[in-house]
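Working notes, structure below.
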2 protein chains.
Amino acid sequence: MKFSASKENHLKAIFHLQLEQGIVTTNALAAALQTRPASVTDMLKKLKDQKLLLYERYKGFRLNNEGKKAAIQVIRKHRLWEYFLVKKLQFGWDEVHEIAEELEHISSKKLVDRLDAFLGFPDTDPHGDPIPDSQGRFLQRRQISLSELPLNKPAQVSAISSQTTEMLELLQHKHIQLGTRLEIRKKFPFDNSLEVKIRNRPPVTLSAQVAKNVLVKDDE
Amino acid sequence: MKFSASKENHLKAIFHLQLEQGIVTTNALAAALQTRPASVTDMLKKLKDQKLLLYERYKGFRLNNEGKKAAIQVIRKHRLWEYFLVKKLQFGWDEVHEIAEELEHISSKKLVDRLDAFLGFPDTDPHGDPIPDSQGRFLQRRQISLSELPLNKPAQVSAISSQTTEMLELLQHKHIQLGTRLEIRKKFPFDNSLEVKIRNRPPVTLSAQVAKNVLVKDDE
DNA sequence: ATTTAAATTTAGACAAATCTAAAATTAAAA
DNA sequence: TTTTAATTTTAGATTTGTCTAAATTTAAAT
Ligand SMILES: [Mn+2]
Ligand SMILES: [Mn+2]
Ligand SMILES: [Mn+2]
Ligand SMILES: [Mn+2]
């Protein structure tokens with residue numbers, strides 16, 4: 001089982017998208033990979049031929065078990081290398097992603113397992129994401145509503161449960177989107193509104209109704 | 001200047017060949033890269049267009065200054081990764097070449113320099129070959145082939161020029177590795193084979209082909 | 001100096017991965 | 001329910017790197 005770098009990138013991106021959506025669309029994947037929908041369709045055919053995903057034209061797609069296993073191995077490599085770069089080579093957590101995006105395609109399984117041991121079998125990468133073990137097992141952190149998040153606990157937006165245009169417009173205006181890292185600075189019991197801090201931005205206030213529909217996961 | 005993996009492989013192989021030959025031939029490069037002469041010609045045109053080598057058709061070729069600089073950077077990466085694999089990940093010196101052949105194409109210059117620092121700026125890789133520094137300087141050590149070593153002159157193995165698995169396996173079986181101290185006890189003109197003595201071991205016989213690829217330096 | 005052989009290059013093809021433009025399908029709006 | 005818009009797929013082209021087979025050039029042998 002050895003896949004090209006491009007196939008590995010596709011598998012990984014599909015894996016992430018289907019965690020949120022269940023089913024993945026051509027446009028979503030093209031956006032995630034910064035490529036064109038037509039290119040995605042081309043690749044989908046190849047991945048389907050290799051029996052890595054379930055796909056019917058015009059109907060969306062998702063990884064099957066084989067595809068998930070392959071994707072998880074790529075994610076494992078990516079996160080172990082990021083951990084290595086930060087912990088051993090003194091890189092900042094914000095400058096390792098691009099390099100790991102290349103290193104994740106080195107194929108030696110033995111290398112990855114030795115690296116894992118060398119690093120002391122870490123279970124979380126520098127961004128707080130879990131690192132799959134050698135067998136591909138990993139603890140998917142459960143996501144909670146922003147309204148349940150404790151004060152001052154760093155978290156990352158992992159889903160928006162109410163996806164009305166109005167809601168998304170409001171969040172966009174407050175600079176909150178999927179992946180945004182934030183923490184709660186203050187809670188107002190009067191109306192259960194929250195004051196939320198995002199790095200490099202002034203604090204913003206969210207109503208209880210909004211907070212309820214923003215799902216977050218631990219950000220280390 | 002960022003080059004594709006294939007171009008980097010070509011540059012590196014040309015560099016090594018021209019150390020021996022001065023000028024490099026199409027067939028020699030094809031053999032070194034396990035590819036076809038026609039493919040080499042194709043690549044030569046591209047490298048010439050990018051002004052990395054001097055080339056006239058049917059007349060051989062060699063790297064210019066730019067090409068040498070690029071090749072040395074690839075060699076630096078290759079050898080630093082090999083050192084990392086052996087010293088930090090506990091790989092055997094005979095199993096790292098293939099992996100380094102992939103790792104050498106990771107492009108981040110910062111990564112290489114950080115790795116270098118992390119490893120303590122080593123100047124010799126696990127096969128005894130010198131590691132170029134950040135500016136591309138490196139000490140080509142004065143070493144001779146074992147087949148040129150005079151009788152009964154103590155020497156120390158400093159490099160293995162043919163690093164195939166088969167070669168390394170053979171040497172391992174005869175208890176010869178980097179740093180091994182030895183001397184030639186007898187030379188057989190019939191087939192140019194050698195009888196070599198290693199301290200605390202019975203003498204071993206080496207073929208001319210093997211001896212040619214074992215490089216030694218004066219034993220202090 | 002011819003002839004023969006070896007080395008090298010060209011011509012034409014192919015696979016992988018990508019793209020643009022146009023067609024087909026599905027979803028949304030009127 | 002038409003009509004319109006958005007999404008997705010196809011058709012055909014492009015780039016990079018590789019190959020085989022044939023042609024060209026250089027080197028070796030007679
Ligand atoms: Mn990352
Ligand atoms: Mn990648
Ligand atoms: Mn090597
Ligand atoms: Mn390589």
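Fair warning: this is a prediction, and the values are worked out from it, not measured in the lab. Chain identifiers are assigned alphabetically (A, B, ...) following the order of the sequence lines, protein sequences preceding nucleic acid strands; residue numbering begins at 1 within each chain. Values reported hereafter were calculated over all heavy atoms of this structure, with side chains retained and with hydrogens, waters and symmetry mates removed.
L11(A) places its CG atom 11 Å from the P atom of dA17(C), with the value rounded to the nearest Å. Between the C1' atom of dT25(C) and the CG atom of N27(A) lies a distance of 14 Å, rounded to the nearest Å.
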Could you go through K69(A) and E66(A), starting from their C-alpha distance and side-chain angles, then the distance that decides it, and tell me whether this counts as salt bridge (Lys or Arg N to Asp or Glu O under 4.0 Å)? CA-CA 5 Å; K69(A) 260 174 44 185; E66(A) 273 306 295; 3.4 Å; yes

Pair D191(A)-S193(A), side-chain hydrogen bond (donor to acceptor under 3.5 Å, both in side chains): steps then yes or no: CA-CA 5 Å; D191(A) 61 355; S193(A) 66; 2.7 Å; yes

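Of the residues in residues 48-59 of chain B, those with a non-hydrogen atom less than 4.0 angstrom from any atom of DNA chain C are Y55(B), R57(B), Y58(B). A heavy-atom distance below 4.0 Å to DNA chain D is reached by these residues of residues 35-46 of chain A, ordered by number: P37(A), A38(A), T41(A), K45(A). Non-hydrogen atoms lying under 4.0 Å from DNA chain C are contributed by nothing in residues 66-74 of chain B.
Applying the salt bridge (Lys or Arg N to Asp or Glu O under 4.0 Å) test to every pair with at least one member in residues 100-111 of chain B, sequence neighbours left out, gives these pairs: E95(A)-K110(B), K12(B)-E101(B), K12(B)-E104(B), K109(B)-D113(B).
Applying the side-chain contact (heavy atoms from CB on, under 4.5 Å) test to D133(A) and every residue at least two apart in sequence or in another chain returns Q135(A), R137(A). With sequence neighbours left out, P122(B) forms a side-chain contact (heavy atoms from CB on, under 4.5 Å) with L80(B), Y83(B), D116(B), L119(B), I131(B). For P132(A), the side-chain contact (heavy atoms from CB on, under 4.5 Å) partners two or more places apart in sequence, or in a different chain, are I72(A), I75(A), R76(A), F138(A). Not counting sequence neighbours, K46(B) has no partner by the salt bridge (charged side-chain N to carboxylate O under 4.0 Å, His left out) test. Residues passing the side-chain contact (heavy atoms from CB on, under 4.5 Å) test with E148(A) are I144(A), S145(A), sequence neighbours excluded. Partners of H105(B) under the ring-ring contact (aromatic ring centres under 6.0 Å, His included) rule, at least two apart in sequence or in another chain, do not exist in this structure.
Across the helix from dA1(C)-dT30(D) to dA30(C)-dT1(D), the helix axis at one end is tilted relative to the axis at the other end by 10° (nearest 10 degrees, each axis from five pairs).
The number of heavy atoms from other shown groups lying within 6.0 Å of CD (Q50(A)) is above 12. Around CZ of R36(B), the count of heavy atoms belonging to other residues, nucleotides or ligands within 6.0 Å does not exceed 12.
Using modelled atom types, one finds a donor on one side chain and an acceptor on the other under 3.5 Å when comparing H78(A) with E82(A).
Classification of the F61(B)-Y55(B) ring pair by plane angle, with boundaries at 30° and 60°, yields perpendicular.
In terms of modelled atom types and a separation under 3.5 Å, the side chain of K197(A) and the main chain of R201(A) share a donor-acceptor contact.
Taking 4.0 Å as the cutoff to heavy atoms of chain A, we find the contact window on DNA chain D bounded by dT7(D) to dT10(D).
Summarising the geometry, atom NZ belonging to K88(A) is positioned 7.5 Å from atom NZ belonging to K88(B); distances are rounded to the nearest 0.5 Å.
In this model, the phosphate group of dA16(C) is not approached by any side-chain N or O of S4(A) to a distance below 4.0 Å at OP1 or OP2.
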